[in-house]
Amino acid sequence: MPGSMGAVKTVHEPFQLLAFLKSASTLRPCPLRRAQIRPFSPHCFMTPRVRFAPSPTGDLHVGGGRTALFNWLYARQTGGTFILRIEDTDGARNTEEAQRGIVKGLRWLGLDWDEGPEVGGPHGPYFQSQRKAIYDAYLAKLEAAGRVYTEENGAVRFKFSRTAITVHDLVCGDVTFAPTEEPDMTIRRPDGSYIFHFVNVVDDIEMRMTHVFRGEDHLSNTWKHIDLFHALGATPPTYAHIPLILNPDGSKMSKRDAGSAIEHSYIHEGFLPDAVFNYLAMLGWTPRADQEVLTREQLAKLFNPADIHSANARFDLHKCQWFNAQFLRALSPEALLKASLPFLESAGLVIGDEAMAAAAVYSVKEKVSLLKEIPAWVHYFFREDYPFEADVTEKLRAKPENASLLKAALTTLGHGTEWSEASVHSAIEAAAKEAGVKTGALMPLLRAALSGQSRGPNVATIAHLIGQESTLRRIERTLSEVLG
RNA sequence: GACCCCUUCGUCUAGCGGUUAGGACACAUCCCUUUCACGGAUGCGACACGGGUUCGAUUCCCGUAGGGGUCGCCA
């Protein structure tokens, strides 16, 4: 087979040339991408209005966060308006606290909304629980149109048109649903409260939504929404049903699964908002850029609904952490300290000198991918009674000459009046030379003495940051407590 | 059960009829190195299957299988 390649190629070339000439001679433009299927949608000429409409169920789910993120990206990229609307029609399971979780998650991700809770707006209120009068009015419209009927128990049903309905979707293309055989849809319960499908459509009309980016799980119900829009004499928004986020094993990701909740899985684990934002944005969409690590602003600029995938994506914690590591390393010492503070504090570390603390966390930034890992790497910077790890003690005691090597270092380090990384380094070199060993042999001993650990930043960096006094004291402590 | 969406390395993906099927994460090896890392280099590794259409299909069409979703007086 490989031997015949050359011959095959020469046979093919004339055809390639032919194909080239053919495509060049026809004035056919490039094949349209999915999103350009309906270039003349009525919304093309309007400033986009998009929304995230969660029901308050506590901690923000990553799927919800990503849905919000896509809407946000579209609004920011087009100069449109991003609206937050709380779909709290099911009073029983909606609590104020649950709603705070959503708001906290969105704020943490940096998804600011232009209209909605806390910021207001001209189409409020933005809580469905406060919009009953509006829904009553729209129900009256349907009544007037003869499209509803009331059951014996008081529930109100919407009469489906029972015609074929096509969803023009930015992601999935045109999806046509045959006339339905399902029973008519209940839109109001006997107790007078309204059902999701109805209020969702009413609010999208009232709030003038032009585009709806939502999970693909809604695609199968979208024809019902369109039927409702038509019955109410309104134009449906342009839909974009985005792929779902699945667990690593391909199963549906739900509340209990790892990585599913923003506060629990990300904020508390020490992720940076920018990193999670970046990772989530790339799950189901690939920006046309030559790199993957991008800021919100860059992502908003590059966002193109046409490039949203139609296949579900599995969640990969490794990659998310890799993004986090990238952003972590790009932080300034001050920013890194600020981000680490909650984790340092919950580890019981007391920060005295902020400049020193910033330098300390900065010195270990390449060693971690999550903020919560930082305390274990820097605790000895903030306390004198740091423990000696078992293998460290063992190593120090392994060779009898270790004590004299440390004593040599104690002497040279005690001499200097200057205390910089460079001066520390040369003091160590001098000690090694005097003791007749390589510098590399002395370093691990000093690291062990100064930190109680066998890994960490440069020894000179540690010594410089903790200061001369502490350095000498720590070596003495090691000599007496470990090698004494 | 009916209907809808989907299927390229383990994972996220590039690919728009002719490519040695490219990249990132992960993994492995090597280099760098006072440790751990970072970084650099290299390697591993994929078009679900079967039919068409075509000179030629990863790419277009049909089927099968598999995955996901929807069919609530949940949202």
Side-chain angles (χ1 to χ4, degrees), chain A residues 2 5 8-9 11-16 18-20 23 30-33 53-57 87-90 92-94 128 151 153-157 167 169 171-173 175-178 180-183 185-191 193-197 199-200 215-224 241 243-244 246 248 250-252 279 282-286 288 290-293 309-323 325 329 364-369 377 425 428 432 438-448 451 453-460:
Chain A
M5 283 298 276
V8 170
K9 209 143 203 168
V11 169
H12 282 181
E13 265 160 19
F15 292 108
Q16 289 173 16
L18 190 70
F20 173 75
S23 68
C30 288
L32 295 176
R33 295 192 64 90
S55 67
T57 50
E87 306 220 331
D88 54 350
T89 55
D90 185 11
R93 54 186 255 189
N94 293 316
Q128 290 187 330
E151 306 229 289
N153 66 2
V156 177
R157 282 182 188 266
V167 180
D169 195 273
V171 176
C172 303
V175 182
T176 300
F177 293 83
T180 188
E181 288 171 28
E182 282 180 31
M185 167 171 68
T186 304
I187 58 172
R188 200 184 72 171
R189 302 183 186 92
D191 68 3
S193 63
Y194 290 94
I195 301 294
F196 161 74
H197 300 290
V199 294
N200 189 269
E216 199 247 36
D217 50 339
H218 288 288
L219 182 59
S220 298
N221 281 326
T222 300
W223 64 269
K224 297 176 185 174
H241 286 92
L244 269 20
L246 271 25
S251 63
K252 188 190 180 184
Y279 176 68
M282 319 248 329
L283 229 42
W285 171 61
T286 309
R288 297 188 173 265
D290 51 14
Q291 58 173 38
E292 290 188 86
V293 179
H309 312 151
S310 41
N312 293 164
R314 295 178 192 212
F315 181 82
D316 183 7
L317 195 60
H318 268 296
K319 185 120 192 200
C320 192
Q321 288 193 10
W322 177 80
F323 273 107
R329 285 170 207 151
V364 300
K365 73 180 195 305
E366 286 94 4
K367 310 187 187 299
V368 303
S369 60
W377 285 89
H425 194 85
I428 295 169
K438 284 195 248 178
T439 312
L442 185 49
M443 288 295 185
L445 301 179
L446 280 169
R447 176 191 312 290
S451 70
Q453 299 186 162
S454 58
R455 48 172 70 170
N458 284 333
V459 172

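Lettering of chains follows the sequences in order, A, B, ..., and the numbering in each one begins at 1.
Ring-plane geometry between A:Phe315 and A:Tyr279 is classed as perpendicular, the angle between the planes exceeding 60 degrees on a 0 to 90 degree scale with a lower cut at 30.
For A:Pro183, taking side-chain heavy atoms from C-beta onward, the closest of the listed nucleotides B:U34, B:G72, B:C73 is B:G72. Considering only side-chain atoms of A:Asn458, the nucleotide from B:C73, B:C4, B:U35 that sits closest is B:U35. Proximity note for A:Lys367 (side chain, C-beta onward) versus B:A37, B:C4, B:C73: the nearest is B:A37. Residue A:Asn221 has its side chain nearest to B:A75 when only B:A26, B:C4, B:A75 are considered. Closest contact between the side chain of A:Cys172 and the listed nucleotides B:C36, B:C5, B:C73 involves B:C5. Among the nucleotides B:G39, B:C25, B:G15, the one closest to any side-chain atom of A:Arg329 is B:G39. Listed candidates were B:G69, B:A24, B:A75. Nearest to the side chain of A:Phe196 is B:A75. Of all nucleotides listed (B:A14, B:A24, B:U34), B:A14 comes nearest to the side chain of A:Thr286. Nearest nucleotide to the side chain of A:Asp316, out of B:A75, B:U11, B:A24: B:U11. For A:Glu366, the side-chain atoms get nearest to B:C38 when compared with the rest of B:C25, B:C38, B:U34.
Summary of the strand contacts: A:His218 and A:Glu182 both lie near RNA chain B, and taking for each the nucleotide with the nearest heavy atom, the more 5' one is attributed to A:Glu182. Nearer to the 5' terminus of RNA chain B, by closest-nucleotide assignment, is the contact made by A:Pro457 (compared with the other of A:Pro457 and A:Gln128).
The nearest whole Å value for the distance from the CG atom in A:Leu317 to the P atom in B:A24 is 21 Å. Separating the NZ atom of A:Lys252 from the C1' atom of B:C5 is a distance of 15 Å, rounded to the nearest angstrom. As a whole-Å value, the separation of A:Glu292 CD from B:A26 P is 11 Å. The NZ atom of A:Lys365 sits 11 Å away from the P atom of B:G39 (whole-angstrom rounding). Atom CG in A:Leu246 sits about 13 Å away from atom P in B:U7, given to the nearest Å. Between the OH atom of A:Tyr279 and the C1' atom of B:A26 there is a distance of 12 Å, rounded to whole Å. Distance, A:Leu283 CG to B:U13 P: 6 Å, rounded to whole Å. For the pair A:Arg288 CZ and B:A14 C1', the computed distance is 9 Å after rounding to whole Å.
Under the 4.5 Å side-chain criterion, counting only non-hydrogen atoms from C-beta, A:Lys252 is not in contact with A:Leu244. Two residues are said to be in side-chain contact when any heavy atoms from C-beta on lie closer than 4.5 Å; A:Phe177 and A:Val167 meet this criterion. Residues A:Lys319 and A:Met282 have side chains not in contact (no heavy-atom distance under 4.5 Å, counting atoms from C-beta outward). Residues A:His318 and A:Trp322 have side chains not in contact (no heavy-atom distance under 4.5 Å, counting atoms from C-beta outward). Taking the side chain as every heavy atom from C-beta outward, A:Gln128 and A:Tyr194 never approach each other to under 4.5 Å. A:Met443 has its side chain out of reach of A:Asn458: every pair of non-hydrogen atoms, C-beta onward, lies at least 4.5 Å apart.
Taking atom C1' on both B:G43 and B:U59, the two are 29 Å apart, rounded to the nearest angstrom. Straight-line distance between the C1' atoms of B:G45 and B:A24: roughly 14 Å, to the nearest whole Å. Separating the C1' atom of B:C44 from that of B:A37 is a span of 24 Å, rounded to the nearest Å. For the P atoms, the distance from B:G51 to B:G56 is 15 Å, rounded to whole Å. Only the C1' atoms considered, B:G68 is 23 Å distant from B:C25, to the nearest whole Å. Rounded to the nearest Å, the gap between the P atom of B:U11 and that of B:C27 is 16 Å. On the P atoms, B:G23 is 12 Å away from B:A41, given to the nearest whole Å.
Shown here, B:A65 forms a base pair with B:U7; the pair counts as Watson-Crick or G-U wobble because both key distances fall under 3.5 Å. Look at B:C32: it lacks any Watson-Crick or wobble partner with both distances under 3.5 angstrom. Across all strands shown, B:U19 remains unpaired; no Watson-Crick or G-U wobble contact has both distances below 3.5 Å. For B:C47, there is no paired base (Watson-Crick or G-U wobble, both distances below 3.5 Å). Nucleotide B:C38: unpaired (no Watson-Crick or G-U wobble partner with both distances less than 3.5 Å).
For the pair A:Thr89 and B:A75, the criterion of a side-chain N or O lying under 4.0 Å from OP1 or OP2 is met. When the side-chain nitrogen and oxygen atoms of A:Arg314 are compared with OP1 and OP2 of B:G68, none of them lie within a distance under 4.0 Å. OP1 and OP2 of B:C5 both lie 4.0 Å or more from every side-chain N or O belonging to A:His241. Contact between the side-chain N/O atoms of A:Arg455 and the OP1/OP2 oxygens of B:C38 is not found at any separation under 4.0 Å. When the side-chain nitrogen and oxygen atoms of A:Asn312 are compared with OP1 and OP2 of B:G69, none of them lie within a distance under 4.0 Å. Considering only side-chain N and O atoms, A:His309 lies under 4.0 angstrom from the phosphate OP1 or OP2 of B:A14.
An anti base is found at B:C60: its glycosidic angle is more than 90° from 0.
When heavy atoms are screened at a 4.0 angstrom cut-off, A:Phe315 is found touching no nucleic acid atom at all. The residue A:Gly284 sits close only to the backbone: its heavy atoms come under 4.0 Å of sugar-phosphate atoms, none of a base. The residue A:Gly456 sits close to a base: some heavy atom pair falls under 4.0 Å. Contacts of A:Val175 with the nucleic acid, taken as non-hydrogen atoms under 4.0 Å apart, involve only primed sugar atoms and P, OP1 or OP2.
A donor N or O paired with an acceptor N or O is found under 3.5 Å between the base of B:C73 and the side-chain atoms of A:Asn153. A donor-acceptor contact under 3.5 Å is not formed by the side chain of A:Thr186 with the base of B:G72. On a pure distance criterion of 3.5 Å, no polar donor-acceptor pair joins the side chain of A:Lys319 and the base of B:A26.
The side chain to side chain donor-acceptor pair (under 3.5 Å) test applied to A:Asp191 returns A:Ser193, not counting sequence neighbours.
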Tabulated below should be each protein N or O lying under 3.5 Å from an N or O of nucleotides 57-65 of chain B; please produce it.
none

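Enclosure of atom CD in A:Glu182 by more than 12 non-hydrogen atoms of other residues, nucleotides or ligands within 6.0 angstrom is indicated.
Although no hydrogens or angles enter the test, the distance criterion places no donor-acceptor pair under 3.5 Å between the side chain of A:Arg314 and the main chain of A:Ser251. Between the side chain of A:Gln291 and the backbone N or O of A:Val293 there is at least one donor-acceptor pair closer than 3.5 Å.
With 3.5 Å as the limit, one finds a donor-acceptor pair spanning the side chains of A:Glu87 and A:Asn200.
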